[in-house]
Asks: 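My questions will all concern the structure given below.
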Amino acid sequence: MNLPVSTQNHELLVFELEGEPFSIPVARVREVVRPSALTRVPGAAANILGLASVRGRILTTFDLGRTLALREKTHAESAPARRKRLLLVDIEGEEAAFLVDRILGVEKVSVAAVDPLGTGALTRGVYTRFGRSCVLLDLNGIAKVRA
Amino acid sequence: MPGPPPEHQAGRNDPRNEDFFVESVEILTSLGAALLRIEAAIQGSQRIDIDDINEVFRRLHTLKSVAPLLGLPGMAGLAHELESHLDAVRLGRAELTLALLDLLFDAVAVFDEMLAQAKRGEPESTGAASVVTASLAKLSEPLAERSVAPQHYDLGPEILGVLTEFEEHRLRTAIEAGLLLYRVAADIPLANIETVLEQLRAKVKPIGELITYLPVGEGSAPDAMAVEAWVATKASLSELQAVIAQHGTVFEVPKVQASHAEPNTDPLGSKTLARMAPAFPAPFQAPETSELRRAPDDGQAGIYSVRVDIRKLEELLSSVGELLLIKHAFALQASKLAERDRRAAATLREVNRAFERELRRLQNSVLEVRLVSLSLVLDSLARSVRQISRDLGKPTQFIVTGAETEVDKLIVDQIAEPLLHLFRNALDHGLEAAEVRAALGKPPEGTLAVNAYQAGGRVIIEVEDDGAGIQPKLVRARALEAGLITEDEAQDFAQEDWYALLFEPGFSTRKASSDLSGRGVGLDVVKTKIARLGGSIEIRSVERTGTTIILSLPVTLAIARVLVIEVLGQAYCVPLSAIDEVAAVDMALLRYVDARLTLVHRGQVLQAVDLRQLFADTEGPHAPQGSGNVPIVIARHGQRRVAILADRLVAQDEVVVKPLGGSVRSVPYFSGAADLGKAQLALIIDPSALIDAGLSANAPGPHAQGSMAVASLRDPRGTS
């Protein structure tokens, strides 16, 4: 992509989780892929769905919905499976995967439009998107959050 | 949004400098190893190997050139001073005294610290370096040049004239030491003249020294050269000829009347430590095995080697793994094609087989590249041992056997810390003070021996001391004090159970070290580290005689032969190297004894772990499930065995082991994951963690006071 980099705008990838929109900076996303079967890890933290294999790389896959307390337990059928995607994101130098319900798109949001939130280990702010509030996420802290 | 790119800092943080750092560390390691060999020679009243002195000289020289690149002019300065001194030593103009040797050891420590500082990005501080420089200046001035012509031999100016100062010095000291001089005439092909001369040098070395060689004309063949080599040795002409064999013909060099010759008047009591004549144990003595070995690389080999980031090898290996998966896909297509075109399918299969063969070769090559000799870590640890023994005032002989054993680079990198821990324990808590040893009739100098060897896909490292050994009654007292066991439980403890206690986290307190003459400080840390590398640790000890700690490690972390098993519909791998036996047993033979799942198998009571319970989503107690025959895998970790129950045994496979990500790494049961193909991932089970788990996780209720009390000590999640 050859979009101009501007300090005035966030460039965000927006996705849906349990019917709600969330976004993360595009620069943090390495890749978006279709999920393959996940391998469950017995004894792992509850917000870890399992391991995904992406072209030979083994990635820890997090249950973002559970981490953000959007639901109690993972339902495999929370959205049509064919729309689900894995976001591959760099978390503290290591690649990790996040299962999301569907990708809504990439968009620019003015820095001024984002209302910074003081609270929340994983949130950086909220902005209004088509009349609904969309949470801007910072996924760096995910490994430390025990759902 | 991302701000401006992070400032690129030239200089110390430049990633290109990483290579120089690595190189400097290697230089210091070889330097230290050579110094230790020199010290050993001095202490054993043996002649110092001139090659070791040359090695020190060369390493200092390289360090001098690398240091400025790292922004360390002070380091370069000290290296230069030392280099000049060593040059004087190798030319016989200065003596290598113990004082100078100590100074060299100090310098290596100073260099180490300076490198560490530079690595942290701190500016160079030259305080410690100038202390060494000042001490160096106080050492005796270099001796005046001795221009004594070699006596006893009538060497004409045509010979002496072509010798370098170093060679002349070697020749002189060899003759002074009473060695005989021989001429070796050889015809050497021009194409590999260096190699042949090196071989010749190596052959002569055990019994003497090749002083120099001179080209003397054209050889018998058009592409050969006639070379005359001068050899100084104690051996007779026929002995030397036997050593040199087909390399050349030996001639005697006529001796002058030796009436006034008084070679080497003071063989052992001399104040001069550095008798520069070659180290010749005795003619034809087999090379010693229990010595610090010279690192194979000494600069000349440098041009054939490349330094590669191990992560790149990891990627390469990963690609090979991917290619193997693609190969499976080809095979599948070939069988589909067979329905339509049998001949084409057969050809495709043939091509696929050739493809697989090449891939296997590629895979093996990449794996071999990862293997490095253990000397890489043992050489630098030898210096630490020397330092610790000095600090503690316990003279220690450090003997290494099998340092050339090859192990995966990642393991070598990870093993230094646990080994150092074991060495320190052995010296601090194992070896007695010299007076105590004397009273016990032991030699005043303690021995710390490291013995490494390969045994069936694993590398064994034994760390042995001849110290006080572990005293069970002290372990017992400490364990009771720390509340690790109760008096009742202690009744049933066998020898190995006491040793096992030493690895308990609760055991490793400072307090323990003061009243224990055995060991036990931080051994739990060592155990955890070794287990993460897929290794096991075992203790053997005899009171008053010594302790041996045996580490067993996989040769490589990258590839493992595994047994694939199925549990609750998911595949897992168990490393074959940890498997003792695979069997099917009747569920009726499984029962809970004292809150632990056990299995009677071949007349033995085995601890068992039912993975179908351990890996189940639901928590809480379970009774043994099912009936009839279930497959079990009996795994071993050190001396302990565990029977693993699975739903199904699937197949044996060779897999590329991949590390787990940070958040999953803390799960105790798994050491990695492997791609089984068809997008199927399998976790690799760490049997040692299951042994721990089996002791408590299967319990159907709160622990009863079991007779085997170890059960209450362990928590499967708490050990990490």
Asks: With a 4.5 angstrom heavy-atom cut-off, which part of A:Ala96 approaches chain B: side chain, backbone, both or neither?
Replies: neither
Asks: Answer yes or no: does atom CZ of A:Arg34 have more than 12 heavy-atom neighbours from other residues, nucleotides or ligands under 6.0 Å?
Replies: no
Asks: Please report the closest heavy-atom contact between B:Asp675 and A:Ser53, naming both atoms and the distance.
Replies: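 The pair with the smallest heavy-atom distance is OD2-OG, 3.1 Å.
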Asks: Take A:Thr60 and B:Leu660 through the test side-chain contact (heavy atoms from CB on, under 4.5 Å) and record every step on the way to the result.
Replies: CA-CA 8 Å; A:Thr60 307; B:Leu660 296 174; over 6 Å; no
Asks: Please test A:Leu38 against B:Leu681 for side-chain contact (heavy atoms from CB on, under 4.5 Å), starting from the C-alpha separation and ending with a verdict.
Replies: CA-CA 8 Å; A:Leu38 294 177; B:Leu681 273 187; over 6 Å; no
Asks: Indicate yes or no for a side-chain donor-acceptor contact from A:Arg40 to the backbone of B:Phe615 under 3.5 Å, with no hydrogens or angles considered.
Replies: yes
Asks: Which one wins on heavy-atom pair count under 4.5 Å against chain B: A:Val41, A:Val54, A:Leu59?
Replies: A:Val41
Asks: Above 12 or not: heavy atoms from other molecules or residues under 6.0 Å from CZ of B:Phe330?
Replies: no
Asks: Only counting residues at least two apart or in another chain, list the ones meeting side chain to side chain donor-acceptor pair (under 3.5 Å) with A:Asp90.
Replies: A:Arg30
Asks: Less than 4.5 Å to any heavy atom of chain A: does that hold for the side chain of B:Ala674, its backbone, both, or neither?
Replies: backbone
Asks: Return the minimal non-hydrogen interatomic distance between B:Phe670 and A:Pro42, and the atom names on each side.
Replies: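 Scanning both residues, the minimum pair turns out to be CE1-O, 3.5 Å.
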